[in-house]
Structure formats: C-alpha cells, structure tokens
Amino acid sequence: MKHNYLFIVGGVMSGVGKGTSSAALGLTLKAKGYNVTAIKIDPYVNVDAGTMNPVEHGEVFVTIDGDETDQDIGTYERYLDTNITRINYMTTGRVYQSVIERERNLGYKGKCVEVVPDVPEEVIARIKRAAAEAKADVTLVEIGGTVGEYQNVLFLEAARMMKSEDPEHVQFALVSYLPVPPSIGEMKTKPTQYAVRTLNSAGIQPDFVICRSSQPMDEPRKKKIARFCSVPTANIIGAVDAKSIYDIPDIFEKQRFAQSVLQGFGLKPKQGDLKRWRAFTRRVREAKQTVKIGVAGKYFSTGDFTLSDAYISVLEAIKHAAADQGVRVDIAWLNSEEYEKEPKKLKELLAYDGLLIPGGFGSRGIEGKIAIVNICREKNIPYLGICYGMQCAVIEYARNVLGYKDAHTTEIDSETKHPVVDVMQDQKAKLVKDQYGGTMRLGAYDCKLSKGTSSKKWYKDEVISERHRHRYEFNNAFRQELIDAGLVIAGVNPKQDLVEIVELKEHPFFVGAQFHPEFQSRPLSPHPLFRGFINAAKSRGGTGE
Ligand code: GLN
C-alpha cells in the first residue's frame, strides 16, 4: 500500500489553530473515502506532555494505550473519530531517547551516530510506522511551533528528506496568519511571505498556505500570496475565525481543499459526504434553551488572561452532549480557590444548572472543590466529578455523612486517620524513587457497571472501557462503611477490584468517575456520562432565551 504524507507547519506565530485546521482537513479527506491518520510532533525535550504544568502547556491528553500527549491528539481523535496511539506522538526527547537506546544496544553496529542523518531518520521511521499501523492513505504530520525556530529544524529536515525521496507522495501546508493592524486597517500578507521564505531556506516549498485571519481574506490578498510565494491561487486556503470550530470543515469544503490535497497525491474523491457532520453542526446552531454549567478548576490563569486550554476535552465533551440534548451551554470557569477564601460565594452556585469538577493535582483549591461538591450533594445540583472530582466527592461524603472530619486523600494529608483516597501500592515505590514521568495509572481499563445506577442507565452497557491518569484510588478499606452510609458504588474495575464510579441515590445526577470520560467523547458519539449530566442540567431549568 502506498502511503501519502501531508506535513503541516506553522508560520508567523503559534496558537493560531494549526491542530484544529489539520484535524478539520483530516475530517474532509476522510469524508472523501480515504483512511486518514494524524501525527503530532512537539519540538520540546520532554519525553511526553505528562510532566508539564497544564497552565503552561494546556491539557495532557491520554491515549487509549496510556500515552500522555499534546491536546492536538485529542482534536484529531474528535474530528477523525478514531483512536490514536502512542506511535503518532513524538517529541525531541522521545526521538533522542530511542536513538540513544539503540546506540547503547549496538543497534547502529559500531557506526558513529550523528545528529544528521540519524535523528531525522528515526523521525522518518516513526512517521512511516504510524502510517503503516493505521493503514493510512493519507497521514497528516503536524510539526509543532513555527518555522524558523531552532528546535524544529531536525523535524523539518526529516520532512525534506521524505519529500526528496518520494516527491509524489509528500506535500506541505503552511498555516499562516494574516494580521489586520488597527492603525492600518488593511490585511497584511508580508509576515506570510517571510514565513514561506524561512520555510524555503529549510529546503521546503509549501504546496498549500492556510491563511488564518480574523476577517475573510479577499481576492487581491490571495493573489498576492500566490504570486509571491509561488503557490497556485487555488491552494491558498482562507481560514477565517469561525463562530464554532466545528464549522471549519465546511469552510474548507467550500474551497475544495481536500480535493486539491488528493489531487496533489494523484487521488480522486471516492465519495463526498459530510451529511452526519452537517447534521451535528446544525444541531449546535439550532439549539434554543441555554444551560449554565460551572467548571471548577485551578489551571486557568496566566498573567491577566484566563485560558481554558487545560480543560479542552472537558469543554468539547460538554459541547457534544449539549448538541445531543438540543441545548446551548453557557460555561463559567470557576476558580476553586475563591470558594475557600469567600465561602459566601458558594450561594451563587445555586444559579447553575450543573457543576463539574475536572481532574487536578495538589492541595491548592481542594477545599474549595470539596465545598462545591457539598453544595451539589445537598442542594441537588447536577454534578459530574472527574478523577480528582470523584475523589473530592468521596472525601466530602466521608467528612459530612460519615462524620470523619479529617477524611482526606493521602496526596494532601499523609497522616490522616481516614485516608478514604490513598496512593496505590505500586505507585509508592515509584514516588520514593522520584519516577514521575509516565508512571501514573494510565490508559484504558475496564469497568463493570452495577444495575440500577445512573451510569448503567446512560451507558446501557455492562462493561465499559475508559481512560485513566492518576496515582490515588478510592480506598477499599472504607468501602463497606461508605456503602452502608448510602454512597453508591456504580462501577468497579473487575480485575483489580478498584472503585471506578461513585453515585448518590435520590439525586437528579451525581456521578464521580475515577477515569476521564472527556477523552472519549466525540462530536458524533457524545459521551454517556456527559449526556446524562447535561440532560439533568436541562431538567433543572436551563434559562432559555
Ligand atoms: N491527583 C489525583 C491522583 O493522582 C487525581 C488525578 C487526576 O485528577 N487526573 O490520583
């Protein structure tokens, strides 16, 4: 089978949605009847994204096989509607690690191992392996950062080598940005021209330029870029800011982007159907009633800015479920620390139709989270607790229903007499040795659901499989006591007997999951727990328009 590769690189500046553009293009290529996979290359030295601060890096997305990756992998999974595994994600650290291990094992048979070509060759081998494993007709390879940065030079070199070896099966797209400086009032193409020149100096000529902008690109601008960058006008693709990121595939379709990419590979569309996708975007547009959802976390602030990037999959999963339930969502990002400093603020939470506590680590803000769980439990506010959010629900129940005032997770209080959430035995040894990277309980595990629970009602299945990322667990030593006090154990890992889901009886919706359901929600198959949560929020009121 012949594999085709489209490299996507960034110019001008980062953060303009290279991942979303790539994923949206992937969706439209797939809709034309081709098998598509996507690879993300991050130029940093970290072996994976797992050890990075979420405020700095954004969400750590977990694959089914337990890799801690960049959030773009999540974007690809959602648009391509497929599971992506660890071979599709690489960093400088990971590539060098393989090269060095191979050298230590005499894999280079005594030869002097050099940065060029041995490092780009490892990159190429990984790209080809991912394409082969996915049996992909087209593999999208997104190189993180922007051209001209020192750290992605070896990846660009790998791409250039692939092109020169097999020119008919390798193409390049540059994602650029066209600013409209307010003082000038005109859309400027010069930064894009410079970015193309920089790419040229790496020996690469783009076949496509994807032009991100806040206003639509006009014909004169398009022609200018085509002329000065030697790219056919039809391959200058406008990507104006969209109201919803789900509209981007259609924006590309109107410009026949996927057709042109296929044509570049000598392929023709086999079919042309975005019907199901369009039905989804229509549902998003047409929803009338609005539900108010609060997400309480702490990884928001950078300087004066609030970013929700650390919770991107949660945000997307809420949107998928909202479309499914025919509502719009108004999401408020709540800083859990504020509920510790001003307990009076808790009253304001009664105005929400649903509250969600996503994954988290460490002591900052945890008492605020526990207080939020308390108000949800007592005032019947729909609650979805994810990972730390589930652990907080267990702590809250032990403190306020069982009366163990010092109940805690040993992550925060290692001396507590009531460690209702405790570190797993095998984790202890790793922590003692400072082995933090890639050592949590990661990836997909089975969970058996109990009859008569909300989880069972929404999942409909007996056994489910969900992705994990944590070191601490519900402590089985307190299980019977908590059950006797009314806590419902709705899901258990059958092999290790670990509690995976807790619920409350006689509550509109109160579910805490040790796993991360958000990683498996897709626009066209919204996640059952998010559907249940939004459904309950809708019943609570939803303000309407
Ligand atoms: N800090 C908790 C743990 O490690 C929860 C992790 C999470 O929420 N992803 O178990």
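Order of listing sets the numbers, starting from 1, for every ligand and every atom in it. Worth knowing before you read on, the calculation uses all heavy atoms, side chains too, and leaves out hydrogens, waters and symmetry mates. It should be emphasised that the depicted structure is a prediction, and the values quoted were computed from it without experimental measurement.
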Can you pull every nitrogen or oxygen pair between ligand 1 and the protein closer than 3.5 angstrom?
unit_1   : atom_1 : unit_2 : atom_2 : d
ligand 1 : 1 (N)  : G360   : O      : 3.0
ligand 1 : 1 (N)  : E411   : OE1    : 2.6
ligand 1 : 1 (N)  : E411   : OE2    : 3.2
ligand 1 : 4 (O)  : R471   : N      : 3.0
ligand 1 : 8 (O)  : G360   : N      : 2.9
ligand 1 : 8 (O)  : G360   : O      : 3.4
ligand 1 : 8 (O)  : Y388   : N      : 3.0
ligand 1 : 9 (N)  : R469   : O      : 2.8
ligand 1 : 9 (N)  : H516   : NE2    : 3.2
ligand 1 : 10 (O) : Q391   : NE2    : 3.1
ligand 1 : 10 (O) : R471   : N      : 3.2
ligand 1 : 10 (O) : Y472   : N      : 2.8

Handout entry: Partner set under salt bridge (charged side-chain N to carboxylate O under 4.0 Å, His left out) for E338, not counting sequence neighbours
Key = K345
Exercise for the section: For the residue pair H507 and F510, categorise the inter-ring angle as parallel (less than 30°), tilted (30 to 60°) or perpendicular (more than 60°). Expected result: perpendicular
Problem - 4.5 Å side-chain heavy-atom contact, D461 and K456 - result: no
Problem - Residue pair T290, D330: steps toward the side chain to side chain donor-acceptor pair (under 3.5 Å) verdict - result: CA-CA 7 Å; T290 300; D330 173 9; over 6 Å; no
Practice task
Before giving the answer on side chain to side chain donor-acceptor pair (under 3.5 Å), spell out for S455 and E503 the whole-Å C-alpha distance, their side-chain angles and the decisive distance to 0.1 Å.
Solution key: CA-CA 8 Å; S455 300; E503 289 186 10; 2.5 Å; yes
Handout entry: R399 bridged to E367 by N-O distance under 4.0 Å
Key = yes
